[in-house]
Amino acid sequence: MISIAQGFLIHCVVMAALLYYMWLILHRRGLFHWLSFGFWSWAAFSLYFLVTPLIQYFGDPFYLETRLGATEGLPRLLWVTFCVAVGIFIYFQTYLRATPSRSNFGLPQEEWPRGTWLVLFLAMAGAFYSLIYYRGAFGFEIIPTEIVGGKYTGEVMGYQAVMHYFANFPILLLLLRRSTRWLGVALAGVLLVARFEDSWDRFTAVSLVLAITMVGPQLRQRRWPNPLLVGALVVFTLLMQARGHMPLSEFIASGRMMKTSKTEVKRGEGANMLATLYLKTYLHDHEGYDFGIPFITKLVLGPLPRKYFPWKDRLAEEFSPRIDFDDVPGSKMMYGAKSSVIGDLYGFGNILAVILGMFFLGMFSRKLDGFLEPRRPQAIQAIGICWLSALWMMLGSSLSWIAITFYLNAIPFVGVVICAWLPKHPIDIPLSRKRVSAPKSPKTPRIPHATRRDV
């Protein structure tokens, strides 16, 4: 009889073999580098389904043991291993066969469209407004906000509290241009300092530092960044991860910095996807699937501000299947870490939904590789880096969160595209209704016909 420990060893062997095989293919195709969606997908899957579970198992297997204990144990472990392996294999096979996007969205090749500076100013103004008034940046008091079920309620719209997502695209666009690089560096520094006191969203700060490490390879057409920048990225990521959901100043003053950091590395609380995936697949198999309907309703109705469209939640509930996990033993253990995009797809409809969903995600990722080609307009390169720097976390979350991240990051980019579509010159409008006739061409001299006498 196979034990849980042996089953987990099987999981690690399967994941290691599959990821090694995908590494070989990506390497041979020239797609394993710092500016590739294939590389960052591979890194995310390796972190969530191999590296972190190994650290947990040999460090503190609390999460793995408790989540498996609330399910069928070994059969659930082996089934999840199969689903994850199939999903990763389909993702990369589709990614390797798809072609990158070539669209320029009407943007000029060498210059910024007229009005770009206004878009950048508005985006940064919205970002700092969100950080100062709703996230306590620079020591300002946070305006009271209430979140119920992951949704902002009362007088505060979700957009007001998350406009800091707008900042990464303008900073990257400034960094990609030689004459504005100093301004991009200054804004990035100010923004990161402002993010230290944000006790919840650590993801966008880490993604910004990661995006900065991508600018150099993008400009110089290199495959890997400066090792010093990578080291700074690792240190910053561990610091933000270890502090948890508290302001950085409070975390440092608490004296728990080193102790908490060691515990974080040992237990791996922040990347607990596999353990949560065991429980979520079990709950869906026993309580039913949602067939992606909640995701579709959020995708369609999500852009509508709840403050002005309060009926959107009721409409979504009417169309969504009612799946209640509250009375199921062990359901409270699912609070906290996400179950990764594979777990979210599993809730749509078991292994079939995983296959279809990873197929489309692989194709979409390969299309986005085209945004990072060196000769593309700078705005497209900037949004490509913006999305690529967030991929590591998006694959560890839900599809709804992926859509929100892509949507919020793209709002300033859409503003630049609209500027490119506007007419470059004002349209001439006549000042009066009097009809203006076209000027007559000068008369040519009349040449007399030849006569007999001339001949």
- Item | Passing option when T405 is tested against N409, L408, I402 for side chain to side chain contact (heavy atoms under 4.5 Å, CB included) | N409

- Is the cationic atom of R76 (NZ for Lys, CZ for Arg) positioned less than 6.0 Å from the six-membered ring centroid of Y278 and within 45 degrees of its normal? no

- Output, in order, the C-alpha distance, side-chain angles, deciding distance and verdict of side-chain contact (heavy atoms from CB on, under 4.5 Å) for V215 and L176. CA-CA 7 Å; V215 172; L176 288 172; 4.2 Å; yes

- Measure from the ring center of Y282 to the ring center of W79 and say whether it is less than 6.0 Å. no

- Note on the structure: Of Y95, F406, F37, the one forming a ring-ring contact (aromatic ring centres under 6.0 Å, His included) with F364 is F406

- Message: ring-ring contact (aromatic ring centres under 6.0 Å, His included), that's the test. Do F39 and F32 meet it? Break it down for me.
- Response: CA-CA 5 Å; F39 166 75; F32 195 83; 4.9 Å; yes

- What about F45 and Y91, are their ring centers closer than 6.0 Å? yes

- Verdict with reasoning, Y346 to S339, per side chain to side chain donor-acceptor pair (under 3.5 Å): CA-CA 10 Å; Y346 192 93; S339 61; over 6 Å; no

- Task: Verify side chain to side chain donor-acceptor pair (under 3.5 Å) between T213 and W34, making sure each step is shown before the conclusion.
- Result: CA-CA 9 Å; T213 68; W34 202 252; 3.1 Å; yes

- Message: Assess the residue pair R67 and T276 against the criterion (side chain to side chain donor-acceptor pair (under 3.5 Å)); give the C-alpha distance rounded to whole Å, side-chain angles, the decisive distance to 0.1 Å, and a yes or no.
- Response: CA-CA 7 Å; R67 273 58 176 176; T276 308; 5.2 Å; no

- Do the ring centers of Y57 and F8 come within less than 6.0 Å of each other? yes

- Task: Work out which heavy atom in L107 is nearest to a heavy atom in A379; give both atom names and the distance.
- Result: CD1-CB, 3.9 Å

- May I ask you to check whether over 12 heavy atoms, not counting those of R222, lie within 6.0 Å of atom CZ? no

